[in-house]
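Comments concern the structure below.
We number each residue from 1, following the sequence as shown. All values reported here derive from a predicted model rather than from experimental measurement. Note that these values count all heavy atoms, side chains included, but never hydrogens, waters or copies made by symmetry.
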Amino acid sequence: FTDFKRRLTMVNPEAFGKTSREQYRMTKALLAHEAAHKRYTVPTVQPPLVHKVSNILEDERIEQLLEGTYIGTRQLLKELNAACLREFPELLDTSDEPADVLAFILQMRFSERCGDPIKGSLSPANQIKWVSCWPLVEEAWTATTSAVCDRNAAEIIRILDLPEMPEWLSKLMA
């Protein structure tokens with residue numbers, strides 16, 4: 001994570017990978033990702049759920065900017081996103097839980113970046129919600145500023161009618 005107030009960036013070097021070499025590469029990728037936040041994210045004060053959803057959107061935006069500026073980060077970020085996707089639980093097409101759409105956004109991000117398929121699929125009810133959310137996701141991913149991510153995150157929360165942070169998202173962000 002990056003704490004803008006304290007000017008602090010921290011990563012867990014054992015978050016991904018089994019061997020020392022894998023952990024070293026993933027640590028470099030995590031540090032590159034967090035450095036991109038320092039360079040491209042404009043921090044704002046938002047309600048906690050808006051902040052978390054905005055961060056989901058912002059992560060893709062800043063990784064695209066980072067890769068465009070520093071081509072050497074592409075392979076590292078591809079490997080990091082593949083590792084994130086491997087850790088993600090499969091989506092069940094029998095679940096109408098609106099938070100599954102957020103999980104789908106994350107999986108889609110990881111999947112598109114690393115080339116591996118999304119794990120599972122959305123229920124028919126959530127596919128309808130996804131259709132409303134996708135233009136907001138796409139706009140945020142290609143936005144020139146973090147403000148678009150904040151605005152679109154609030155709208156996605158409204159579309160999904162999410163009253164609070166899903167437990168899996170709290171655990172993921174922890």
Side-chain angles (χ1 to χ4, degrees), residues 1-43 46 48-93 95 97 99-122 126 130 133-134 137-138 140-143 146 149 153 156 165-174:
F1 71 90
T2 294
D3 182 331
F4 286 94
K5 284 184 181 178
R6 295 185 349 200
R7 304 181 79 166
L8 175 69
T9 296
M10 294 183 68
V11 299
N12 177 357
E14 297 176 340
F16 298 103
K18 293 183 174 123
T19 68
S20 295
R21 185 180 192 291
E22 289 171 341
Q23 289 174 344
Y24 176 73
R25 286 192 60 76
M26 291 300 95
T27 299
K28 285 192 334 185
L30 287 166
L31 287 169
H33 173 94
E34 293 305 324
H37 275 298
K38 289 263 200 176
R39 182 173 176 125
Y40 302 115
T41 299
V42 176
Q46 300 291 331
L49 183 55
V50 173
H51 173 74
K52 297 298 185 192
V53 174
S54 181
N55 187 63
I56 289 171
L57 300 172
E58 179 79 355
D59 281 349
E60 178 61 20
R61 186 184 87 79
I62 59 115
E63 285 188 8
Q64 286 182 24
L65 290 168
L66 183 66
E67 286 181 343
T69 307
Y70 303 101
I71 196 165
T73 61
R74 285 185 182 166
Q75 186 60 35
L76 286 172
L77 293 174
K78 179 180 179 177
E79 291 171 24
L80 176 61
N81 281 272
C84 290
L85 185 59
R86 279 193 301 275
E87 297 292 321
F88 222 90
E90 184 172 338
L91 293 165
L92 303 175
D93 62 6
S95 170
E97 181 64 40
D100 288 353
V101 177
L102 291 180
F104 188 81
I105 291 169
L106 273 169
Q107 279 209 38
M108 176 179 243
R109 175 180 124 56
F110 300 147
S111 172
E112 286 191 4
R113 189 158 287 287
C114 73
D116 294 339
I118 292 172
K119 295 164 63 176
S121 61
L122 292 172
N126 279 339
W130 167 249
C133 292
W134 170 240
V137 171
E138 191 173 39
W141 285 357
T142 58
S146 301
C149 295
I156 288 169
M165 189 152 352
E167 186 178 332
W168 66 265
L169 183 56
S170 294
K171 287 180 183 176
L172 179 71
M173 297 303 191

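- Proximity of a side-chain donor or acceptor of Glu60 to a complementary backbone N or O of Thr142 within less than 3.5 Å is not detected.
- In terms of the side chain to side chain donor-acceptor pair (under 3.5 Å) criterion, residue partners of Asp100 (sequence neighbours excluded) are, by chain and number, Ser95.
- Qualifying side chain to side chain contact (heavy atoms under 4.5 Å, CB included) partners for Glu22, counting only residues two or more places apart in sequence or in other chains: Lys18, Thr19.
- Summarising the geometry, atom CD belonging to Gln75 is positioned 11.0 Å from atom NZ belonging to Lys28; distances are rounded to the nearest 0.5 Å.
- Taking each heavy atom of Asn81 and Phe110 in turn, the nearest pair found is OD1-CD2, 3.1 Å.
- Annotation: salt bridge (charged side-chain N to carboxylate O under 4.0 Å, His left out) contacts of Glu97 (sequence neighbours excluded): none.
- Contact annotation: the side chain of Ile156 approaches that of Leu102 to within less than 4.5 Å [non-hydrogen atoms, C-beta and beyond].
- Scored by the side chain to side chain contact (heavy atoms under 4.5 Å, CB included) test, Ala103 finds Phe88, Leu91, Trp168 as partners (sequence neighbours excluded).
- Atoms CG and NZ, from Asn55 and Lys52 in turn, are 7.0 Å apart once rounded to the nearest 0.5 Å.
- Taking CG from Leu30 and CG from Leu77, the interatomic distance works out to 9.5 Å, rounded to the nearest 0.5 Å.
- For the pair His33 and Asp59, the tightest heavy-atom approach, listed with the atom from each and the gap, is NE2-OD1, 3.1 Å.
- Sequence neighbours left out, the pairs with a member in residues 65-76 that pass salt bridge (charged side-chain N to carboxylate O under 4.0 Å, His left out) are Glu67-Arg113.
- Every residue meeting the side chain to side chain contact (heavy atoms under 4.5 Å, CB included) condition with Ala82, not counting sequence neighbours, appears here in chain and number order: Arg86, Cys114, Asp116.
- For Arg25, the salt bridge (charged side-chain N to carboxylate O under 4.0 Å, His left out) partners are Glu79, not counting sequence neighbours.
- When the shell of 6.0 Å around NZ of Lys119 is examined, it contains more than 12 heavy atoms from other residues, nucleotides or ligands.
- Here Glu14 pairs with Asn12, Gln23 under the side chain to side chain contact (heavy atoms under 4.5 Å, CB included) rule; sequence neighbours left out.
- Under the side chain to side chain donor-acceptor pair (under 3.5 Å) criterion, Ser121 pairs with no residue at all, not counting sequence neighbours.
- Scored by the ring pair (Phe, Tyr, Trp, His ring centres under 6.0 Å) test, His51 finds no partners at all (sequence neighbours excluded).
- Closest approach of Glu87 to Phe16, counting heavy atoms only: CG-CE2, 3.8 Å.
- Partners of Trp130 by ring pair (Phe, Tyr, Trp, His ring centres under 6.0 Å), not counting sequence neighbours, listed by chain and number: Phe104, Trp134.
- Among all heavy-atom pairs drawn from Tyr70 and Arg39, the shortest one is OH-NH1, 3.0 Å.
- In this view, Glu58 and Arg61 satisfy the salt bridge (charged side-chain N to carboxylate O under 4.0 Å, His left out) rule, not counting sequence neighbours.
- Taken to the nearest 0.5 Å, the OG1 atom of Thr73 stands 10.5 Å off from the CG atom of Leu65.
- Nearest heavy-atom pair, Ser111 versus Leu85, reported as atom, atom and distance to 0.1 Å: CA-CD2, 4.1 Å.
- Taking both residues in full, the closest heavy atoms of Thr69 and Tyr40 are given as OG1-OH, 3.0 Å, listed atom of the first, atom of the second, then distance.
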